[in-house]
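Read the structure below first, then the notes.
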Amino acid sequence: MRKFAAYFYFMENKRVRVRFAPSPTGGLHMGGVRVALFNYLFAKKHGGDFILRIEDTDQTRFVAGAEEYIINSLKWCGIEPSEGVGFGDGKHAPYRQSERKELGIYKKYADKLIEGGHAYYAFDTAEELDEMRKRLEAAKVAAPQYNSVSRQNMRNSLTLSEDEVKKLLDAGTPHVIRLKVPRNEEIRFHDVIRGWVVVNSAQVDDKVLLKSDGMPTYHLAHIVDDIEMEISHAMRGEEWLPSAPAHILIYRYLGMEDKMPQLAHMPLILKPDGNGKLSKRDKSGLPMFPLNWSDPRDNTDYVGYKESGFFPDAFINMLVLLGWNPGDNKEIMSKDEMIELFSLERINKAGAKFDPEKTKWFNQQYLRKKSDEELAKLFLPMIKEKGFDVSEAFAIKATKLVREKAHFVNEFWGFGSFLFITPDSYDQDVLTKRLNEQTRNFVVELTAVLTDQADFSPAVTEATFKATAEKLGIGAGQVMQLFRVVVTGVGGGPNMFEIMELIGKEESIKRMNLFLERNK
RNA sequence: GGCCCGUUCGUCUAGGGGUUAGGACACGUCCCUUUCACGGAUGAAACACGGGUUCGAUUCCCGUACGGGCUACCA
């Protein structure tokens, strides 16, 4: 408990404000959705704010349409920010970093660090940096990087004279601003999920804070924005853990450690087979994106969960349990229940492999909870697409029959096309096994009896079926599957007598006669 | 390579100094059922390894192994 003392202290004193801050460099991957989800749940749980900030500081990687895709994805998932790009500006607008850069917000902080002696100008060209790295590698330096040692041999405001620096600056020489990381200092920080983490500053490089195009890097930008937007908790992927010490230093040098959010580095989602971080090219057969995404960079179309027939609630339910659990054995949770049960302390440390099978199971669970009416609304357009103009009432009855074994609504047609189409072929295995003179006679007899029967309700037709079998001295079980093939063409499916009721007497009799004609 | 993080059934996980190590997915068997599915029952299946600490370690500590992440004027 002791380890969370600081955290609880924080909670009592500051309004919870969290953010999801993706870069518009491509479609929002399901790993990103999960980070957004955890932020959202935490904000809702504590009655706080959830902000969408767009971190578009890398102009070379900007992808048109990515921002809109992110917004649409969050909407579909029901993870709606209360503030930010696409969700209504709050008092901290703008929420796009490129726009904030125009306002000079980041430069101000970078200058403050320079003034304090904690950052410096560096004029090195890409070639010079490359050369440095090669030199260090050749010298077998364990960690070749721009740091307290190597910067002494580079062209920066720490090695150049004041006059030279001024001259270069006045001449508009391209330059960056780098963080001046101390040579040997223990940097200690607390992570809500991982506890205390200690890193020596010798491992941290002199990170670029402001790029030569005037844009801030992530390192500077997110800190400035988190301070200005009064972020209370910074939840992000584990891939940020190694740069967290540099971030601690920046807060410290800015004199704003008191404004630093609580850090929470979340475990990554791993590939289902083999190892490694889940990637957009995963071949598990399941989507990696919430919505269809056409990537302009590689000209590839990626299918989405939505278009694959997933319910958004099932999707986020699956996601929330990758690295978090409520502590009991509860697995199926509504969004409100997730909010109620969510806590940062119950997030795991280890990465979680994504399981496609279980993902499908979640969708099945949600499908089973929906009414025939709800599902029929989704099924009806698919029926019409196949060219069958049936009533909603018919679709509801069809849904009732075909829903049982389905994981997805888009499987309905495959499980019950015979409800709409008169079969033109029959399961040969069943015929080989079950069709003989005696059983064919049974079909002849049953057809005759049913033709004269007005009441086609399941109970009545079933009784007739059994009575006819008994009369001919055949067990009902002997002819049931054959009869199923007669009417539907296939050997499995929903209750036969309910199928007959739905397709109606006329169609049923027609199919039986058709079968007899085709199998003399 | 260096640094950081991690390691309970195949997978997601609960648990935590003394437990028959629990649940879920998937898999096997049985029951229910005209079939499939659902449901029910049941089976197989895990504390990475080695040292400590301790009366006792899966749980705490240290190593090792393995896995992951980072190592850009990308986020």
Side-chain angles (χ1 to χ4, degrees), chain A residues 21-26 55-58 60-61 122 124-126 129-130 133 137 140-146 174-178 191 193-194 197-200 202-205 207-219 221-222 236-245 265 267-268 270 272-277 318 321-332 346 348-362 364 368 402-407 415 430 462 465-466 469 475-485 490-497:
Chain A
S23 301
T25 54
E55 308 216 328
D56 55 347
T57 55
D58 187 351
T60 65
R61 293 207 308 158
D124 317 281
T125 62
L129 290 171
D130 205 42
R133 259 172 230 119
E137 272 166 38
K140 301 254 194 293
V141 171
Q145 56 187 12
Y146 206 115
H175 63 276
V176 301
I177 292 178
R178 282 183 183 271
D191 182 287
I193 296 170
R194 282 149 215 286
V197 179
V198 184
V199 181
N200 191 287
Q203 305 302 330
V204 181
D205 66 333
K207 294 208 181 306
V208 171
L209 302 176
L210 215 58
K211 300 185 255 191
S212 54
D213 63 0
M215 279 285 188
T217 58
Y218 168 81
H219 305 293
H222 93 272
R236 50 170 23 170
E238 193 184 353
E239 70 267 28
W240 292 108
L241 204 45
S243 53
H265 289 94
L268 268 13
L270 274 18
D273 55 332
N275 298 304
K277 194 158 72 156
M318 176 278 288
L321 288 173
L322 247 30
W324 175 84
N325 71 81
D328 51 21
N329 289 324
K330 195 172 176 59
E331 291 198 301
I332 301 299
R346 293 205 63 89
N348 292 128
K349 296 180 175 76
K353 278 185 186 169
F354 159 69
D355 183 354
E357 285 307 317
K358 186 118 185 196
T359 301
K360 291 179 196 161
W361 175 81
F362 274 106
Q364 184 188 35
R368 297 180 62 77
V402 299
R403 64 177 294 168
E404 287 310 326
K405 63 194 283 193
H407 286 71
F415 288 141
V430 175
E462 181 170 5
F465 180 93
K466 286 181 174 162
Q478 296 290 303
V479 281
M480 182 57 84
Q481 198 186 17
L482 173 65
F483 180 55
R484 181 179 283 289
V485 171
V490 294
N495 182 290
M496 262 321 289
F497 306 103

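Proteins get letters first, then strands, A, B, ... in listed order; numbering begins at 1 in each. Please read all numbers here as calculations on a predicted model, not as lab measurements. Note: hydrogens, waters and symmetry copies are ignored here, and every other heavy atom, side chains too, is used.
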| request: Identify whether any heavy atom of A:P494 sits under 4.0 Å from a base atom; if not, whether one sits that close to sugar-phosphate; answer base, sugar-phosphate or nothing. | output: base

| field | Between B:C73 (P) and A:R178 (CZ): distance, integer Å | value | 5 Å

| A:D191 to A:H265 - nearest heavy-atom pair and separation | OD2-ND1, 2.6 Å

| said: From NZ of A:K353 over to P of B:U7, roughly how many Å is that when rounded to an integer? | reply: 14 Å

| task | From the options B:A14, B:C25, B:G2, select the nucleotide whose nearest atom is closest to the side chain of A:A142. | result | B:G2

| said: What's the gap between B:G67 and B:C12 when it is taken at their P atoms, as a whole Å value? | reply: 16 Å

| remark: side chain to side chain donor-acceptor pair (under 3.5 Å) filter on A:D130, not counting sequence neighbours, yields A:K134

| message | I'd like to know if A:S243 reaches the base of B:C70 with its side chain such that a donor and an acceptor end up less than 3.5 angstrom apart. | response | no

| query | Given atom CZ of A:F354 and atom C1' of B:C25, what is their separation to the nearest angstrom? | reply | 13 Å

| Counterpart base for B:C70, defined by Watson-Crick or G-U wobble contacts under 3.5 Å | B:G2

| task | Could you tell me whether A:L210 contacts a base, only the sugar-phosphate backbone, or nothing, with contacts defined as non-hydrogen atoms closer than 4.0 Å? | result | nothing

| task | Kindly assign one of parallel, tilted or perpendicular to the pair A:F483 and A:F465, based on the angle between their ring planes and the thresholds 30° and 60°. | result | tilted

| Looking only at atom P, what distance separates B:A26 and B:U33, rounded to whole Å? | 24 Å

| message | When you measure from the side-chain N and O atoms of A:K277 to the phosphate of B:C70, is any distance below 4.0 Å, counting only OP1 and OP2? | response | yes

| Rounded distance in Å - CG (A:N495) to P (B:U33) | 13 Å

| query | In whole angstroms, how far is the P atom of B:C70 from the CD atom of A:E238? | reply | 9 Å

| task | Round to the nearest Å and state the distance from A:L241 atom CG to B:C70 atom P. | result | 11 Å

| message | Which nucleotide wins on minimum distance to the side chain of A:R133, given the candidates B:U34, B:A75, B:C73? | response | B:C73

| message | Counting only side-chain heavy atoms from C-beta out, which of B:G1, B:C74, B:G6 sits nearest to A:K211? | response | B:C74

| task | Taking only the side-chain heavy atoms of A:W361 (C-beta and beyond), determine which of B:G68, B:A75, B:C25 contains the nearest atom. | result | B:C25

| message | Set out, in order, the CA-CA distance, both residues' side-chain angles and the distance that settles side-chain contact (heavy atoms from CB on, under 4.5 Å) for A:E404 and A:R368, then state yes or no. | response | CA-CA 8 Å; A:E404 287 310 326; A:R368 297 180 62 77; 3.7 Å; yes

| query | Mind checking the C1' distance from B:C25 to B:A72? Whole angstroms is fine. | reply | 41 Å

| query | Of A:G491 and A:A122, whose nearest nucleotide on RNA chain B comes first from the 5' end? | reply | A:G491

| request: With heavy atoms under 4.0 Å as the rule, sort A:E55 into base, sugar-phosphate or nothing. | output: sugar-phosphate

| said: Looking at A:T57, I'd like to know whether one of its side-chain N or O atoms comes within less than 4.0 Å of OP1 or OP2 on B:A75. | reply: yes

| message | Base of B:A26, side chain of A:K358 - is there a donor-acceptor contact under 3.5 Å? | response | no

| remark: Among B:C73, B:C12, B:U35, the one nearest any side-chain atom of A:R484 is B:U35

| Nearest heavy-atom pair of A:P216 and A:T57: which atoms, and what distance? | O-CB, 3.3 Å

| If only side-chain N and O atoms of A:K330 are considered, is one of them under 4.0 Å from the OP1 or OP2 phosphate oxygen of B:U13? | no

| query | Just checking A:V208: base, sugar-phosphate only, or nothing, at a heavy-atom cut-off of under 4.0 Å? | reply | sugar-phosphate

| request: Tell me which nucleotide among B:G69, B:C3, B:G10 gets nearest to the side chain of A:D355. | output: B:G10

| Short question: side chain of A:R346, backbone of A:N325 - any donor-acceptor pair under 3.5 Å? | yes

| Counting any heavy atom closer than 4.0 Å, what does A:D205 reach on the DNA or RNA strands: base, sugar-phosphate only, or nothing? | nothing

| remark: In Watson-Crick or G-U wobble terms, with both distances under 3.5 Å, the base opposite B:U64 is B:A48

| remark: Of B:A75, B:A24, B:C5, the nucleotide closest to the side chain of A:R194 is B:C5

| Base, sugar-phosphate alone, or nothing: which one does A:G237 contact when heavy atoms must sit under 4.0 Å apart? | nothing

| Integer-rounded Å distance: B:A24 P and A:W324 CH2 | 18 Å

| Between A:K466 and A:E462, is a salt bridge (charged side-chain N to carboxylate O under 4.0 Å, His left out) present by the stated rule, with each step listed? | CA-CA 6 Å; A:K466 286 181 174 162; A:E462 181 170 5; 3.1 Å; yes

| request: Name the nucleic acid region contacted by A:V204, choosing base, sugar-phosphate or nothing; use a 4.0 angstrom heavy-atom cut-off, strictly under. | output: nothing

| query | For A:P174, does its backbone N or O pair with a side-chain atom of A:S212 as donor and acceptor, under 3.5 Å? | reply | no

| message | Would you measure the distance from the C1' atom in B:C60 across to the matching atom in B:G43 and give it in whole Å? | response | 35 Å

| Does A:N325 place a side-chain N or O at less than 4.0 Å from the phosphate oxygens OP1/OP2 of B:U13? | no

| field | Selected nucleotide, minimal atom distance to A:R346 side chain, candidates B:A24, B:U13, B:G15 | value | B:G15

| query | Would you say a side-chain N or O of A:K207 is under 4.0 Å from OP1 or OP2 of B:C73? | reply | no

| B:A24: pairing nucleotide in any strand, Watson-Crick or G-U under 3.5 angstrom | B:U11

| query | Checking A:R484 side chain against A:P494 main chain: does a donor-acceptor pair fall under 3.5 Å? | reply | yes

| note | Between A:Y218 and A:G493, the residue closer to the 5' end of RNA chain B by nearest nucleotide is A:G493

| With a non-hydrogen cut-off below 4.0 angstrom, is A:R236 in contact with a base, only sugar-phosphate, or nothing? | nothing

| request: Looking at every strand, decide which applies to A:G477 at a 4.0 Å heavy-atom threshold: base, sugar-phosphate, or nothing. | output: nothing

| message | Mind checking if A:A352 touches a base, just sugar-phosphate, or nothing, with heavy atoms under 4.0 Å? | response | sugar-phosphate

| query | Is any NZ, NE, NH1 or NH2 atom of the basic residue among A:D355 and A:K358 found under 4.0 Å from an Asp or Glu carboxylate oxygen of the other? | reply | no

| Who pairs with B:G39 - Watson-Crick or G-U, where each distance is under 3.5 Å | B:C31

| task | Answer with base, sugar-phosphate or nothing: what part of the nucleic acid does A:T25 contact at a heavy-atom distance below 4.0 Å? | result | nothing

| note | Expected string for nucleotides 37-44 of chain B under the B/S/- scheme (protein heavy atoms, under 4.0 Å, primed atoms plus P, OP1, OP2 as sugar-phosphate) is BS------

| query | Are the side chain of A:N348 and the backbone N or O of A:A350 linked by a donor-acceptor pair below 3.5 Å? | reply | no

| note | Atom CD of A:E239 and atom P of B:U71 are separated, to the nearest Å, by 10 Å

| Can you list the steps and then say if A:F354 with A:M318 is a side-chain contact (heavy atoms from CB on, under 4.5 Å)? | CA-CA 9 Å; A:F354 159 69; A:M318 176 278 288; 3.9 Å; yes

